[in-house]
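As structure tokens, the structure follows; a few thoughts come after it.
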Amino acid sequence: MPTPIAPVTAQVRGRRIPVDLYIDGAWTHAAETFPVLNPATSGTIAEVADGTVAQALAGLDAAVAAQDAWRHVLPRERADLFHRAHRLLLERADDIVETMTLESGKPLSEARGEFQLSADFFLWYAEQVAHLHGTYAHGSRGAYRVVTTHQPVGPCLLITPWNFPLLMIARKAGAALAAGCTVVVKSAKETPLTCALFVQALHDAGFPAGVVNLVHTTASSQVSAALMADRRLRKVSFTGSTGVGSTLLSQAAAHITNASMELGGDGPFIVLDDADLDLAAEQAIVCKFRNAGQACVAANRIIVDSRVAQEFTAKFVALTEKLKVGDGFDPAAEVGPIISARQRETVKELVNGFLDIGATLLTGGKEVPGDGFFFEPTVFSVTQADDDLCHRELFAPIATIYTVDSVAEAVRVANDTSYGLAAYVFTRNLDRAVAVSERLDFGMVGVNRGIMADPAAAFGGIKASGLGREGGHEAIYEFLEPKYLAITVNEAEAGL
């Protein structure tokens, strides 16, 4: 364990936030730093330690050294640590929420919602720690018993994205730590401060040295590749693009490293002809423009029955035009900035791409002048549904509306994608709701609702949207390996 040193902190809105790496129970300096920007102003919030490959590997060293002791901490003792950390998170809610808004740009109302969901996830795992049960059965042929138990996978690499900086670390680290795994967390370079506050809470709650390690870096691909190349790493959990996920899976193949992937989405939002159109339009707004459209579960394609398309579109456009774009600290703001100048350029390219294929611009379509990286909420009516652009994850405040003539066509269009994360169905008919949901090739389906993340639910997708689940009873088992014990039982020796 390194000699403890005073952590470097940044003064952020009147509070001190660690900006170092966290390795083996101590805040650790780095030779270089990088700036964290406020996307609402483009100004620098803080300079954060830029971790090297060597420092990331030092984090893995610490995780490996702590693994055996951590896996044998009694379940109730481990749960007590979780509960202490949960209480600290609640006590520091304002600090975390404001920091999240500052570095991600999302409105305070969304940051508060993310905080509450994150805390609920962490509490869920605390409650699961002591309830990891195995099985017992007679051998089918022979004098033995079949006993199954579970053991931790081992040291894990957790790679978190910038769009939900607290939820992703709470959801991943919560499950891994509850299962008895040690972790190295690689934060997103856009939102490292939120991750640091979460790790600070775990440190202050008394999690042992080496159990949790945090690395910030601008050399993401090099750091990830070095960690993935180390056979001591036993699992990677990643949330991000399908392209990066594919690269990580290729790297995982070298040592057959366990992997969980929550990747891109191309979510269809289906509005059938019997839907409550007011509800559908309201939920489509939330599902599409939350986090300025920068969400893998966002409504990527709004598919509407032709018999109600005109009415739904009018309602949806009217609600879109009422949305207030602004700094997340403005209480009236409903849509925050795009995360970076580069990403805003991508949004502009998408708008031009839809115009080029003949889509009709119904509202928006321009960047908002002034400081920061703002863009107008935008709506297109699209007829060229077979264009490659119409099968791409937008990850932007751009809504696209497609028209279909039947339920069967709606299902066919919805499934015409390589992705399979989240889908949505709006109908008043229970038969339709169930039948359509069963035919959608997606890991999650929201029926008459646009938000469905819940600690008790198995969150995740299929096809190019990933592997594994986060949340529900399934989440902890993603970080556990089943072990089968065949126990010989000689009943004669037992005197029977």
Side-chain angles (χ1 to χ4, degrees), residues 6-22 27-52 55 89 92-115 118 159-170 185-201 203 214-220 223 240 291-292 294-295 325-331 333 335-345 367-368 370-375:
V8 174
T9 59
Q11 181 81 14
V12 179
R13 290 182 66 86
R15 55 183 60 87
R16 306 300 304 185
I17 299 177
V19 293
D20 282 340
L21 315 177
Y22 183 76
W27 294 101
T28 304
H29 301 335
E32 304 292 336
T33 63
F34 64 91
V36 179
L37 302 183
N38 179 351
T41 65
S42 71
T44 298
I45 302 167
E47 292 284 337
V48 172
D50 195 352
T52 64
Q55 288 175 310
L89 289 170
R92 301 169 185 183
D94 289 344
D95 291 353
I96 296 171
V97 164
E98 290 190 13
T99 300
M100 202 188 321
T101 288
L102 196 65
E103 62 181 354
S104 75
K106 64 183 61 185
L108 279 171
S109 59
E110 290 187 14
R112 292 190 188 99
E114 180 176 342
F115 175 86
S118 304
I159 304 176
T160 63
W162 52 261
N163 57 337
F164 292 97
L166 181 64
L167 179 58
M168 293 300 101
I169 189 174
V185 179
K186 192 190 79 61
S187 68
K189 65 180 183 297
E190 295 85 355
T191 54
L193 301 177
T194 302
C195 287
L197 288 175
F198 177 84
V199 169
Q200 179 73 64
H203 173 89
L214 174 64
V215 177
H216 315 302
T217 184
T218 57
S220 295
V223 162
N291 209 33
Q294 301 167 121
V325 178
D327 189 316
F329 287 99
D330 179 351
V335 179
I338 306 301
I339 190 63
S340 66
R342 178 181 176 184
Q343 184 65 21
R344 186 170 66 173
E345 287 302 309
E367 61 183 283
V368 177
D371 295 332
F373 313 125
F374 296 95
F375 202 91

Handout entry: Check: Gln55 and Thr28 side chains under 4.5 Å, non-hydrogen atoms
Key = yes
Handout entry: Nearest-0.5 Å distance, CE of residue Met168 to CD1 of residue Ile159
Key = 14.0 Å
Fill in the blank from the handout: Tightest non-hydrogen contact, residues Leu108 and Val97, listed as CD2-CG1, 3.8 Å
Problem - Separation between CZ of Arg344 and CZ of Phe375, rounded to the nearest 0.5 Å - result: 8.5 Å
Exercise for the section: For Asn291 and Gln294, indicate whether the former's side chain and the latter's backbone hold a donor-acceptor pair under 3.5 Å. Expected result: yes
Handout entry: Main-chain N/O of Ser340 paired with Gln343 side-chain donor or acceptor, under 3.5 Å
Key = no
Fill in the blank from the handout: Sorted by chain and number, sequence neighbours left out, side-chain contact (heavy atoms from CB on, under 4.5 Å) with Asp94 holds for none
Fill in the blank from the handout: Looking only at heavy atoms, the pair that brings Pro337 and Pro39 closest together is CB-O, 3.4 Å
Practice task
Measure the shortest side-chain to side-chain distance between Val36 and Glu190 over non-hydrogen atoms and say whether it is less than 4.5 angstrom.
Solution key: no
Practice task
Please answer whether the main-chain N or O of Ala46 pairs with a side-chain N or O of Thr44 as donor and acceptor at a distance below 3.5 Å.
Solution key: no
Problem - Gap separating the NZ atom of Lys106 from the CH2 atom of Trp162, nearest 0.5 angstrom - result: 9.0 Å
Completion exercise
Looking only at heavy atoms, the pair that brings Ala188 and Pro161 closest together is CB-C, 3.7 Å
Problem - Whether Glu98 side chain and Asp95 backbone form a donor-acceptor pair below 3.5 Å - result: no
Handout entry: Side chain to side chain, Glu367 and Phe374, heavy atoms closer than 4.5 Å
Key = no
Practice task
Look up atom CD in Glu32 and atom OG1 in Thr217, then write down how far apart they are to the nearest 0.5 Å.
Solution key: 11.0 Å
Exercise for the section: Quick one: pull up CZ in Phe115 and CG in Leu89 and give me the separation to the nearest 0.5 Å. Expected result: 5.5 Å
Exercise for the section: Compare every heavy atom of Ala333 with every heavy atom of Pro107, then report the nearest pair and how far apart it is. Expected result: CB-O, 3.7 Å
Exercise for the section: Would you check, one step at a time, whether the test side-chain contact (heavy atoms from CB on, under 4.5 Å) holds for Asn163 with Ile339? Expected result: CA-CA 8 Å; Asn163 57 337; Ile339 190 63; over 6 Å; no
Practice task
Under the side-chain contact (heavy atoms from CB on, under 4.5 Å) rule, what do Leu214 and Ser187 come out as? Steps first, then yes or no, please.
Solution key: CA-CA 7 Å; Leu214 174 64; Ser187 68; 4.2 Å; yes
Handout entry: Under 3.5 Å side-chain donor-acceptor pair for Asp50 and Thr218
Key = yes
Completion exercise
Minimal heavy-atom distance between Pro165 and Thr191, with the atoms involved, is CB-OG1, 3.5 Å
Exercise for the section: Using only heavy-atom distances, determine whether the side chains of Ser220 and Lys186 contain a donor-acceptor pair under 3.5 Å. Expected result: yes
Exercise for the section: Would you please say whether a donor-acceptor pair under 3.5 Å links the side chains of Thr194 and Glu103? Expected result: yes
Practice task
Taking the side chain as every heavy atom from C-beta outward, state whether Leu102 and Phe329 have any pair of such atoms under 4.5 Å apart.
Solution key: yes
Problem - Test item: Arg92 and Leu197 side chains (from C-beta on) under 4.5 Å apart, heavy atoms - result: no
Completion exercise
Taken to the nearest 0.5 Å, the spacing of Ile96 CD1 from Cys195 SG works out to 11.0 Å
Exercise for the section: Verify, without hydrogens or angle tests, whether Glu114 (side chain) and Leu166 (backbone) share a donor-acceptor contact under 3.5 angstrom. Expected result: yes
Exercise for the section: Could you check Val48 against Phe34 for side-chain contact (heavy atoms from CB on, under 4.5 Å), going step by step and ending with a plain yes or no? Expected result: CA-CA 5 Å; Val48 172; Phe34 64 91; 4.0 Å; yes
Problem - Min side-chain heavy-atom separation Val185-Val199 under 4.5 Å - result: no
Practice task
Taking Ser118 for its side chain and Leu167 for its backbone only, find out whether a donor-acceptor pair lies under 3.5 Å.
Solution key: yes
Exercise for the section: Answer yes or no: does atom CD of Glu47 have more than 12 heavy-atom neighbours from other residues, nucleotides or ligands under 6.0 Å? Expected result: yes
